[in-house]
Amino acid sequence: TAYEVEVYWDGTYDCCFSTNHKKNKQLFELYLEAQENAAHVAISLRKVLNLTQKRQLQVVGHSLGAQVIAYSLFDPEGTSHIIPTPNQAGHILSICLIAPATDAEVFHDYYNRTTPVNPDTTDHYRLMIVYNEDDFVLRKKDPKTGIFGPGANRYGKTGLGCNRRGQAEKLKTYFEKHFPKSAITLLDKTELGKCHSWRCYTQGDELKEVSDFLWGEEDGF
């Protein structure tokens, strides 16, 4: 039996970008606030995940949903919660973050979990990052010219999802050095252009590689 739980946490950025500087600033400030509060939403999701004892658990996050997912599965620097991080008791937990509105540095604390991770054994967390270098929402640039806007480092860091300065590749290198037993897969979807919408990543065969990842099993389990 398969169960599905949906959580929505939207920064609303892609709805209202205009030539009005004042309105744009308000929009960016709301986006930043939504990102900063994602950690609070994540604790509720963590409670749900802790009630799930399935052999396979698939967690998918799009845009700011990726921030919620990250904070529900481990404790990035500066956060600590009474609610323990999910422990699948050796079962597979597949994580797919699509156009993640977050920064790669968050994942440097990937092993900061309640249940200690043995660096000599295969991690039961499996991670896929789907990035798009032209995504205008993550680049925080206007959708027409791609010139105007604060960029990926202001009003909430979103560099991982748009691979700003190679953040995605650098994160994979970081994993290979610091978390060699943790699987990480990168999927480049820059071919989708500026679109940030969930539908762009799920139409036609675009989601096949994600589906194969989520339902496949890593060697060693």
Side-chain angles (χ1 to χ4, degrees), residues 1-9 38 41-76 83-102 104 106-132 160-161 163 167-169 171-176 178-189 198 200-203 205-221:
T1 303
Y3 298 93
E4 182 176 314
V5 177
E6 295 185 13
V7 179
Y8 295 93
W9 193 248
V41 181
I43 296 308
S44 295
L45 177 58
R46 184 181 290 188
K47 292 178 181 178
V48 174
L49 294 175
N50 280 334
L51 294 173
T52 305
Q53 293 298 326
K54 292 290 183 181
R55 186 174 184 277
Q56 288 195 45
L57 182 63
Q58 292 85 16
V59 187
V60 182
H62 170 255
S63 192
L64 272 179
Q67 188 90 344
V68 175
I69 295 298
Y71 279 78
S72 68
L73 297 179
F74 57 94
D75 290 321
I83 307 299
T85 53
N87 177 15
Q88 287 297 103
H91 294 170
I92 301 168
L93 199 161
S94 298
I95 310 154
C96 181
L97 305 181
I98 300 175
T102 188
V106 169
F107 291 87
H108 290 187
D109 294 307
Y110 195 60
Y111 277 10
N112 192 6
R113 310 173 199 168
T114 307
T115 304
V117 183
N118 187 339
D120 297 323
T121 60
T122 302
D123 186 10
H124 64 280
Y125 279 20
R126 301 171 59 236
L127 176 64
M128 170 180 271
I129 304 292
V130 182
Y131 66 89
N132 178 354
L160 178 59
N163 196 30
Q167 276 198 33
E169 288 96 344
L171 180 61
K172 185 170 184 177
T173 300
Y174 187 91
F175 264 57
E176 291 169 351
H178 298 277
F179 313 135
K181 295 293 185 177
S182 296
I184 179 171
T185 302
L186 303 183
L187 181 57
D188 184 356
K189 285 295 179 179
W198 170 256
C200 295
Y201 292 90
T202 56
Q203 62 186 354
D205 294 329
E206 293 298 342
L207 206 60
K208 185 179 186 305
E209 291 161 294
V210 169
S211 178
D212 290 345
F213 169 82
L214 289 173
W215 292 100
E217 293 191 9
E218 193 74 6
D219 292 340
F221 285 100

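Counting from 1, the numbers follow the sequence of the chain as shown. Computed over heavy atoms, backbone and side chain alike; hydrogens, waters and symmetry mates excluded.
- When every heavy atom of V68 is checked against every heavy atom of A42, the shortest pair comes out as O-CB, 3.2 Å.
- Summarising the geometry, atom CG belonging to L57 is positioned 10.5 Å from atom CD1 belonging to I92; distances are rounded to the nearest 0.5 Å.
- The side-chain heavy atoms of R113 and V117, taken from C-beta on, include a pair separated by under 4.5 Å.
- Residue N118 places its CG atom among more than 12 non-hydrogen atoms of other residues, nucleotides or ligands, all under 6.0 Å distant.
- Atom CD1 in I43 sits 8.0 Å away from atom OG in S72 (nearest 0.5 Å).
- Among L73, I69, N50, the one residue that satisfies the side chain to side chain contact (heavy atoms under 4.5 Å, CB included) test with L45 is I69.
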Start with the C-alpha gap between T185 and L127, add the side-chain angles, then the distance that decides, and say whether side chain to side chain contact (heavy atoms under 4.5 Å, CB included) holds. CA-CA 6 Å; T185 302; L127 176 64; over 6 Å; no
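- Nearest heavy-atom pair, I95 versus F213, reported as atom, atom and distance to 0.1 Å: O-CE2, 3.5 Å.
- Within the 4.5 Å cutoff, the side chain of D120 has no heavy atoms near those of the K181 side chain.
- The closest side-chain donor-acceptor pair between Q67 and T102 falls under 3.5 angstrom.
- To the nearest 0.5 Å, the span separating SG on C96 from OH on Y201 amounts to 11.0 Å.
- The OG atom of S44 sits 9.0 Å away from the CD1 atom of I83 when rounded to the nearest 0.5 Å.
- Rounded to the nearest 0.5 Å, atoms CG (L186) and CD1 (I129) are 7.0 Å apart.
- For D75 against N112, the heavy-atom pair with the smallest separation is O-ND2, 2.6 Å.
- Summarising the geometry of A104 relative to Q167, their closest heavy-atom pair is N-OE1, 2.9 Å, with the distance given to 0.1 Å.
- Across every non-hydrogen atom of A168 and L160, the tightest pair is CA-CD1, 3.8 Å.
- Side-chain atoms of L51 and K47, non-hydrogen and from C-beta on, never get closer than 4.5 Å to each other.
- Note that CD1 of I184 and CE of M128 are 10.5 Å apart. Values are rounded to the nearest 0.5 Å.
- Between the side chain of S94 and the main chain of R126, no donor-acceptor pair closer than 3.5 Å is present.
- A 4.5 Å side-chain heavy-atom check between L187 and Y131 finds every atom pair outside the cut-off.
- Side-chain contact, S182 with Y111: a donor N or O sits under 3.5 Å from an acceptor N or O.
- A salt bridge links E209 to K189: at least one charged side-chain nitrogen sits closer than 4.0 Å to a carboxylate oxygen.
- In summary, the aromatic rings of F107 and F179 are positioned with their centroids too far apart to meet the 6.0 Å limit.
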Start with the C-alpha distance between H62 and W198, add both sets of side-chain angles, then the distance that settles side chain to side chain contact (heavy atoms under 4.5 Å, CB included), and finish with yes or no. CA-CA 7 Å; H62 170 255; W198 170 256; 3.5 Å; yes
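- For F74 and Y125, the ring centers sit 6.0 Å or farther from each other.
- Taking 4.5 Å as the limit, some side-chain heavy atom of I98 sits within range of a side-chain heavy atom of L207.
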Please determine whether side chain to side chain contact (heavy atoms under 4.5 Å, CB included) holds for the pair D123 and Y110, giving the CA-CA distance in whole Å, both sets of side-chain angles, and the decisive distance to 0.1 Å. CA-CA 11 Å; D123 186 10; Y110 195 60; 3.7 Å; yes
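- In this structure, R46 is not positioned above the aromatic face of Y71 in the sense of NZ or CZ being under 6.0 Å from the six-membered ring centre and within 45° of the axis.
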List the steps, then state whether side chain to side chain contact (heavy atoms under 4.5 Å, CB included) holds for V60 with L214. CA-CA 9 Å; V60 182; L214 289 173; 3.6 Å; yes
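- Closest of all the heavy-atom pairs between P76 and V106 is CG-CG1, 3.8 Å.
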